[in-house]
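Below is one structure, written out as structure tokens; the observations come after it.
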Amino acid sequence: MNAGWHLPPKAIKTKKPMNLAQYLPVLLFILVGLAVGALCLGMGELLKPHKADPAKNSPYECGFEAFEDARMKFDVRYYLVAILFILFDLEIAFLFPWAVALKDVGLTGFVAVLIFLTILVVGFVYEWKKGALDWE
């Protein structure tokens, strides 16, 4: 025996085996979700009409025959306005949690939001002056 440094039997820590039973509901949830998705896809495949009607396969535009090719180019302003809308809309969405927690954030949070809104307004004015919001 070693003449000194050994731990008493009670001080030796053994590793407990991992309890996987707590993950069973998560696994069951995943399996049920996959089964429902597979069931929906399978039922759609089984129940769909197998012979397509020629009228179903024809191009359709609001009750009329299509006027021109569906792959026409769109003006870039549509995309620009959409991106600007999403940008400013998401930035405004950050104000809701701040408004709820206004009493908790104090003066520091208030100043931070004023800086945020200043940057937002400067960006909006820049876009306006550059003509990104003009439609003509």
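Any value given below was found using the heavy atoms of this structure, including those in side chains, with hydrogens, waters and symmetry copies removed. Nothing fancy with the numbering, it's 1 onward along the sequence.
Apart from Tyr126 itself, the hydrophobic cluster it occupies contains nothing, where clustering links Ile, Leu, Val, Met, Phe, Trp and Tyr at side-chain heavy-atom distances under 4.5 Å. Applying the under-4.5 Å side-chain rule to Ile, Leu, Val, Met, Phe, Trp and Tyr, the cluster around Ile86 extends to Phe85, Leu90. Other members of a hydrophobic cluster containing Ile83 are absent, since no ILVMFWY side chain comes under 4.5 Å of it, directly or through relayed contacts.
The NZ atom of Lys130 lies 11.5 Å from the CG atom of Leu80; values are rounded to the nearest 0.5 Å.
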Please report, to 0.1 Å, the donor-acceptor pairs under 3.5 Å made by any side chain of residues 21-49, with sequence neighbours excluded.
unit_1	atom_1	unit_2	atom_2	d
Glu45	OE2	Lys48	NZ	3.3

Report, one line per pair, each donor and acceptor closer than 3.5 Å where one atom sits in a side chain of residues 98-121; sequence neighbours left out.
unit_1	atom_1	unit_2	atom_2	d
Trp98	NE1	Gly109	O	3.4
Thr118	OG1	Leu114	O	2.7

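The number of heavy-atom neighbours closer than 6.0 Å to CZ of Phe94, taken from other residues, nucleotides and ligands shown, is 12 or below.
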